[in-house]
Structure formats: C-alpha cells, structure tokens
Amino acid sequence: MKDSFFHVLIIVLILGSTIFLAQEEEDSFVGPYASLQRDTISVSGQAEYTVVPDEAELVIVVETDAATAKEAQDMNAGISNSVISAVTKHVAKDDIETVSYYLTKMEYYNPQTGKPTPTGYRQSHTMKITFDDLDAVGDVIDAATNAGATRIQGVSFVLSDEKKEEANTRALELAAENAQDKAEALAGALGVNMGEAMTISETNYFFSPRPMDYGFGVAESAMQKTDILPQDVTISLSVTVVFEIE
C-alpha cells in the first residue's frame, strides 16, 4: 500500500515539474519577443534641392574620312592635336580626356553586284572636357570648332564631388524634416504622442544635371561668339522614417 502511494506521489511530482518547465520555456520565449512589439508610425519624406552648378562637361567629336585607314588616322590625329592645343588656352590639359576612339570601315550595298562596296574609312575621336570656369564654356566651344572639331556633342552643367556631397546632405535634412512634419500630423490626428525616430533610410535619389545638345561646326561657330548660360541642378530624394508611438 505504501509502495503504491509513493508511486503515485512520484508521478504527480514529475508531471508538476514538466508543466512548470514547459511554462518557464514558454515565458522565456514569448516574453522577450513580446517586448519588441511597439506601436509605430512609418512615413516617407521628400525633398528637392536646387543648387547652382560649379562644373561644366563638354563633349567634343573629331571625325575624319579617307580612302585608307592610315590616312583617316593621320588626318584625325592632326585635327585632334589642333583642337587640344586650341582649348588648352582656356582650360588645363588635365581637364581633357578621351572617352572613345574607333576606326570604321565605310561601305555601301551595291545592288548590281549584290555585295558591299568599300568607300573608305572613318576615324572618330571623342573627348570630354571637365572644367570649373563656367564663363569659359562658349570660348572652349568656339576654340574647338574653329580648330576643326566635327561636333560639339553636348554640354552639361554638373556639381563637383564636394558640392554634390554638400547638396545631398542638405536635401537629406529637408526630407527628414518633411517626414517629421508628416508624422506629427498623423500623431495629432490619431490623438497619440509621437516618440523618437527608431529607423531612417534613404529610399530614392535622383540627380538631374541639365544637358544641352549642340551640332554646329566651324563655319557656324566662327560667325559670332557662342554664349552658353548655365542652368541650376536639382537633387531629388526621399527617406523613410519609423517613429515610436508613446
């Protein structure tokens, strides 16, 4: 009889310990996780910041056609050197870089023979000039075309790395302020108190320099001085901010 009583007592104690441990494990899992659940407000803030550019990018193309590849290359080299020499009166030589240089075999389809007929070769040399004297843009264009440049492919007014970083920082500040204003408006409408920002991330970034396209040659540009007026650059971005509700 005593043995049966002790057996029952042992079983009860085991079951009780098991239930207690299971409850403790459940509390240790749910408790910390539950503490992470907070009421929040998530908003998106936008900003556009316009700034005056401090650099110009000018793309110049020199193209030459000749009967042989060597003639096209030699002719192109002579004109390219003349263009470089002319523009370096207004900008530093280090401001000039070659962005493409290629030779193309020119031909046309001959309907009588049914085969392509060679007509010669075309050498193309594209150079980009990046400089900070915006008042000299027109002078550089005129110097390049008068020296034999085939095309002024485009002009863009952009920001230097330093000024771009400053403008980006200011745009982020404006976007964050816009997000806070939205969050405060939502909190007021809902009748809750807004706490501190928990997370913030930049979601979109758009930098818009103003390109200008040109396609004139020596005869056109030599008639009068070219005036190029720089336009502002706009940085657009948005941020996402999560605020805690107290």
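Excluded from the calculations below are hydrogen atoms, water molecules and symmetry mates; all remaining heavy atoms, backbone and side chain alike, are included.
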(request) Begin with the C-alpha distance, continue with both residues' side-chain angles, and end with the deciding distance and a verdict on side-chain contact (heavy atoms from CB on, under 4.5 Å) for Val242 and Thr199. (result) CA-CA 5 Å; Val242 178; Thr199 64; 3.3 Å; yes

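- For the pair Val83 and Ala149, the tightest heavy-atom approach, listed with the atom from each and the gap, is CG2-N, 3.7 Å.
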(request) Starting from the C-alpha separation in whole Å, work towards a yes-or-no answer on salt bridge (Lys or Arg N to Asp or Glu O under 4.0 Å) for Lys163 and Glu166. (result) CA-CA 5 Å; Lys163 193 164 187 178; Glu166 293 175 356; over 6 Å; no

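- Between Leu134 and Phe131, the shortest heavy-atom distance links the atoms CD2-O, 4.5 Å.
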(message) For a side-chain contact (heavy atoms from CB on, under 4.5 Å) check, start with the C-alpha distance between Val241 and Gln180, then their side-chain angles and the critical distance, and finish with the verdict.
(response) CA-CA 8 Å; Val241 187; Gln180 184 169 4; over 6 Å; no

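- Taking a 6.0 Å sphere around CG of Asn110, one finds it holds more than 12 heavy atoms contributed by other residues, nucleotides or ligands.
- Residues Ile141 and Val155 have side chains in contact (heavy-atom distance under 4.5 Å, counting atoms from C-beta outward).
- Contact annotation: the side chain of Ile235 approaches that of Leu159 to within less than 4.5 Å [non-hydrogen atoms, C-beta and beyond].
- Side-chain contact between Ile60 and Ile152 is present, with heavy atoms from C-beta onward closer than 4.5 Å.
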(request) Could you go through the side-chain contact (heavy atoms from CB on, under 4.5 Å) check for His90 and Asp133 one step at a time? (result) CA-CA 9 Å; His90 306 281; Asp133 185 1; over 6 Å; no

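- Clustering ILVMFWY residues whenever any of their side-chain heavy atoms sit less than 4.5 angstrom apart, transitively, puts Val99 in a cluster other than the one holding Ile129.
- Counting heavy atoms from C-beta on, the side chains of Thr130 and Asp95 never come closer than 4.5 Å.
- Counting non-hydrogen atoms of neighbouring residues, nucleotides and ligands closer than 6.0 angstrom, the CD atom of Glu165 reaches no more than 12 such neighbours.
- In this structure, Asp132 CG and Glu55 CD are separated by 6.5 Å, a value rounded to the nearest 0.5 Å.
- The local environment of CD in Glu162 is sparse, with at most 12 non-hydrogen atoms from other residues, nucleotides or ligands closer than 6.0 Å.
- Here the OH atom belonging to Tyr121 is positioned 11.0 Å from the CD atom belonging to Glu71, to the nearest 0.5 angstrom.
- When atom types are taken as modelled, the side chain of Ser238 and the backbone of Thr203 share no donor-acceptor pair closer than 3.5 angstrom.
- Of all heavy-atom pairs spanning Val59 and Thr126, the tightest one is CG1-CG2, 3.5 Å.
- For the 3.5 Å distance criterion, the side chains of Thr240 and Ser201 fail to qualify, holding no donor opposite an acceptor.
- The CG atom of Asp94 lies 11.0 Å from the OG1 atom of Thr88; values are rounded to the nearest 0.5 Å.
- Ser44 and Ala179 get closest at one heavy-atom pair: C-CB, 4.4 Å.
- Rounded to the nearest 0.5 angstrom, His125 NE2 and Asn81 CG are separated by 9.0 Å.
- To the nearest 0.5 Å, the span separating CG on Leu172 from OH on Tyr49 amounts to 12.0 Å.
- Atom-to-atom distance recorded for Thr150:OG1 and Asn76:CG is 7.5 Å, nearest 0.5 angstrom.
- Not one N or O on the side chain of Asp39 forms a donor-acceptor pair closer than 3.5 Å with the backbone of Ile245.
- At a threshold of 4.5 Å between non-hydrogen side-chain atoms, the residues Val158 and Pro53 do not count as touching.
- Residues Phe157 and Val137 are in side-chain contact: their nearest non-hydrogen atoms beyond the backbone lie under 4.5 Å apart.
- Under a 3.5 Å cut-off, the side chain of Asn178 and the backbone N or O of Gln46 do form a donor-acceptor pair.
- Looking only at side-chain heavy atoms (C-beta outward), Arg122 and Tyr102 stay at 4.5 Å or farther from each other.
- Listed here is the closest heavy atom pair of Val239 and Ile200: CB-CG1, 4.5 Å.
- Across all non-hydrogen atoms, the minimal contact from Phe243 to Gly195 is CD2-O, 3.8 Å.
- Cluster annotation: Val61 is not connected to Val91 through the hydrophobic network of ILVMFWY side chains, with a link wherever side-chain heavy atoms come within less than 4.5 Å.
- With hydrogens and angles left out, the side-chain atoms of Glu48 and Thr50 include no donor and acceptor closer than 3.5 Å.
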(message) One pair to check against side-chain contact (heavy atoms from CB on, under 4.5 Å): Thr98 and Met127. What are the steps and the verdict?
(response) CA-CA 4 Å; Thr98 295; Met127 294 170 279; 4.2 Å; yes

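- Between Glu63 and Arg151 the shortest side-chain heavy-atom distance falls below 4.5 Å.
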